[in-house]
Amino acid sequence: MTTDKKQINHSLLRAIPNVDKCLQELLARPEIDQVPVIVVKNSVRDVLAELRRKIMAGEEPAAAMLELEALTPVFLERINKEQQPRFRRVINCTGVIIHTNLGRSILPDEAMQRLHEAGRRYSNLEFDLDTGRRGSRYSHVEKLLCDLTGAEAALVVNNNAAAVLLVLETLAANREVIVSRGQLVEIGGSFRIPDVMARSGATLVEVGATNRTHVRDYENALTEETALLLKVHCSNFKIIGFTREVSLEELVGIGQRNNVPVMEDLGSGCFIDLSRFGLMKEPTVQEVVGAGADVVTFSGDKLLGGPQAGIILGKRDIIERIKKNPMNRAMRIDKFTLAGLESILRLYLDEKTAVARIPTLAMIAEPLDKVKRRAARLAGRVRRDLAGSCAVKVMEMISRVGGGAMPEQNLSSSGVVLSPVAMSVSRLETLLRRLDVPVIGRIEEDRLVLDMRTVADDEIPLLAACLKQVLSGRAD
Ligand SMILES: *Cc1c(COP(=O)(O)O)cnc(C)c1O
């Protein structure tokens, strides 16, 4: 053995019980009666392997810790953890309403009931109840989408990235698409306009400069091969200063004069003008359709507040071509999404109802007073439960819309700020993240910040219980 190697305690290694012996002991226990044997077996293997690794790395646990009796609670805890679903609910205290990592938009009860029924029972997914013949799954939302937006026709696919790819492939494969250099967006993940364009088989023709693009730039780039003029909404960034963007109206003018269709990828399409809630003005889907765009695409789960989907609106002949594209089948929307989406679209038939019932909109529209009251409620509970173990403050803060929508938009918010006495803030953050119902906040200036704009009223008791569990030291 070389001298710089850690000393390995071989007698400790030998003292680790073997898997079969542990299993024999565990499988006799009534509390894991219902647990699949494979889960028990793998949990035991994992715990023992971790022990072995630690000892190999030079650690020396007390020999008593390797006794079956001492290991059993460790096994049981691991088994319990393995039995929890990996994909589960969290409490979003980040203040980011459309948080892509935390599931983007959440759905109202009425939409969830439709989803439940779609999964639990047979349905007329592709069955025309009038004729008794095969029907189209798109028919359930197409008329609603057209009524709500004024579009001639509509189609829905798996997500907006698929929508963009599908439209480009249908209209512009082996031909040219003109895009402003100021709009060659990366959305995050791996969605970049130039890459999606390449995959669709279309050739990207960039025009203008990063900050300024003029009508003449588009006109000069038109050739026999031009299939499409594409406008991409700058969802997640803003170019400020000396700028010039060609408006959709101008682009539609160029398209009509030259007989080339115009597409807008809106990203986070919204049916409601949010400027009435003090937010900055973004063009609504209806305005974009009304301005004469031939095709419009946007997400179902960003500002629309529905399930993950890509919505394609447009002129009838174009939508028909897209529907017939064999690629469409590979991107088609599933029945759960369709059920949720129809339900959300129905809520939009009455704008007031939509804002009240669709959580994404309700969170954006909620007056600061109500958020403050929620923060005070949580703070009160935490002070009552945990007097002394943590400094608790209610503070004003800034929430974000998120989801690549309105990057500059600040939403005044209120939340609870915690400074624990007996542990570090990062330890508190970690423990909260590891609970059965994880609590996700953010650390700022060495304090844990819990923004209450993204927490529902009925989550406060659970959130308080989570904080109590962690801060009273019963979460390790
Ligand atoms: C978010 C976004 C996309 C991708 O939409 P997904 O629904 O996430 O697939 C595409 N284009 C723009 C402009 C976006 O903002």
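Values in this document were obtained by computation on a predicted structure and should not be read as measured data. Side chains included, hydrogens not; waters and symmetry mates left out as well; all remaining heavy atoms used. In what follows, residues are counted from 1 in the order of the sequence shown.
Side-chain contact between Leu435 and Val470 is present, with heavy atoms from C-beta onward closer than 4.5 Å. A 4.5 Å side-chain heavy-atom check between Ile91 and Ile440 finds every atom pair outside the cut-off. At least one side-chain heavy atom of Val179 sits under 4.5 Å from a side-chain heavy atom of Met197. At a threshold of 4.5 Å between non-hydrogen side-chain atoms, the residues Lys54 and Pro61 do not count as touching. Thr360 has its side chain out of reach of Leu304: every pair of non-hydrogen atoms, C-beta onward, lies at least 4.5 Å apart. Within the 4.5 Å cutoff, the side chain of Phe75 has no heavy atoms near those of the Glu25 side chain. Asn328 is listed as a side-chain neighbour of Leu155, based on a closest heavy-atom distance under 4.5 Å. With a 4.5 Å cut-off on side-chain heavy atoms, Leu166 and Val157 count as touching.
Under the 4.0 Å criterion applied to side-chain N and carboxylate O atoms, Arg276 and Glu351 are assigned as salt-bridge partners. Using a 4.0 Å cut-off between charged side-chain N and carboxylate O, Glu429 and Arg433 make a salt bridge. Salt-bridge annotation for Glu264 and Lys231: absent, with no side-chain N of the basic residue lying under 4.0 Å from a carboxylate O of the acidic one. Glu366 and Lys372 are not joined by a salt bridge, as no carboxylate oxygen comes within less than 4.0 angstrom of a charged side-chain nitrogen. The existence of a salt bridge linking Glu287 and Lys281 is confirmed by a sub-4.0 Å separation between a basic side-chain nitrogen and an acidic carboxylate oxygen. A salt bridge links Glu117 to Arg114: one of the charged nitrogens lies within less than 4.0 Å of a carboxylate oxygen. The pair Glu342-Arg346 meets the salt-bridge criterion, with a side-chain N (NZ, NE, NH1 or NH2) lying under 4.0 Å from an Asp/Glu carboxylate O. Arg374 has a carboxylate O that lies under 4.0 Å from a charged side-chain N of Asp457, or vice versa, which qualifies the two as a salt bridge.
Atom CD1 in Ile193 sits 7.5 Å away from atom CG in Leu168 (nearest 0.5 Å). In this structure, CG on Leu102 lies 5.5 Å from OG1 on Thr94, to the nearest 0.5 angstrom.
Counting all heavy atoms, side chain and backbone alike, Val401 lies closest to Leu303 at CG1-CD2, 3.8 Å. Between Glu169 and Ser200 the shortest heavy-atom distance is CG-O, 3.5 Å. Leu432 and Cys466 get closest at one heavy-atom pair: CD2-O, 4.2 Å. What you find for Ala63 and Leu12 is that their closest heavy atoms are CA-CD2, 4.2 Å.
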Q: Run the numbers on Asp195 and Arg199 for salt bridge (Lys or Arg N to Asp or Glu O under 4.0 Å), then give the verdict.
A: CA-CA 6 Å; Asp195 301 344; Arg199 282 302 170 124; over 6 Å; no

Q: Applying side chain to side chain contact (heavy atoms under 4.5 Å, CB included), run through Asp334 and Leu338 and close with a yes or a no.
A: CA-CA 6 Å; Asp334 75 289; Leu338 205 52; over 6 Å; no

Q: Could you go through the side-chain hydrogen bond (donor to acceptor under 3.5 Å, both in side chains) check for Ser412 and Asn410 one step at a time?
A: CA-CA 6 Å; Ser412 303; Asn410 288 339; over 6 Å; no

Q. Stepwise, does the salt bridge (Lys or Arg N to Asp or Glu O under 4.0 Å) test hold for Arg89 with Glu459?
A. CA-CA 12 Å; Arg89 176 235 182 120; Glu459 287 182 307; 3.0 Å; yes

(Q) Using the rule given for side-chain hydrogen bond (donor to acceptor under 3.5 Å, both in side chains), can you reason through Thr284 versus Asp273, listing the C-alpha separation, both sets of side-chain angles and the distance that settles it, and then say yes or no? (A) CA-CA 6 Å; Thr284 62; Asp273 179 359; over 6 Å; no

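Applying the side chain to side chain donor-acceptor pair (under 3.5 Å) test to residues at least two apart or on different chains, the pairs with a partner in residues 35-51 are Glu50-Arg78.
Heavy-atom neighbours of Ile38 CD1 from other residues, nucleotides or ligands within 6.0 Å: at or below the threshold of 12. Shown here is Arg434, whose CZ atom has no more than 12 heavy atoms of other residues, nucleotides or ligands within 6.0 Å. At most 12 non-hydrogen atoms from other residues, nucleotides or ligands lie less than 6.0 angstrom from CZ of Arg329. Other residues, nucleotides and ligands contribute more than 12 heavy atoms inside 6.0 Å of the CD atom of Gln84. The number of heavy-atom neighbours closer than 6.0 Å to NZ of Lys352, taken from other residues, nucleotides and ligands shown, is 12 or below.
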Donor-acceptor pairs under 3.5 angstrom involving side-chain atoms of residues 443-450: please list them, not counting sequence neighbours.
unit_1 : atom_1 : unit_2 : atom_2 : d
Glu444 : OE2    : Arg442 : NE     : 2.7

Side-chain donor-acceptor contacts of residues 381-395 below 3.5 Å, not counting sequence neighbours, with atom names and distances?
unit_1 : atom_1 : unit_2 : atom_2 : d
Arg383 : NH2    : Val392 : O      : 3.2
Ser389 : OG     : Leu386 : O      : 3.2

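Of the possible polar contacts, one joining the His140 side chain to the Asn124 backbone as a donor-acceptor pair under 3.5 Å is found. At distances below 3.5 Å, not a single donor-acceptor pair connects side-chain atoms of Arg357 with backbone N or O atoms of Pro108.
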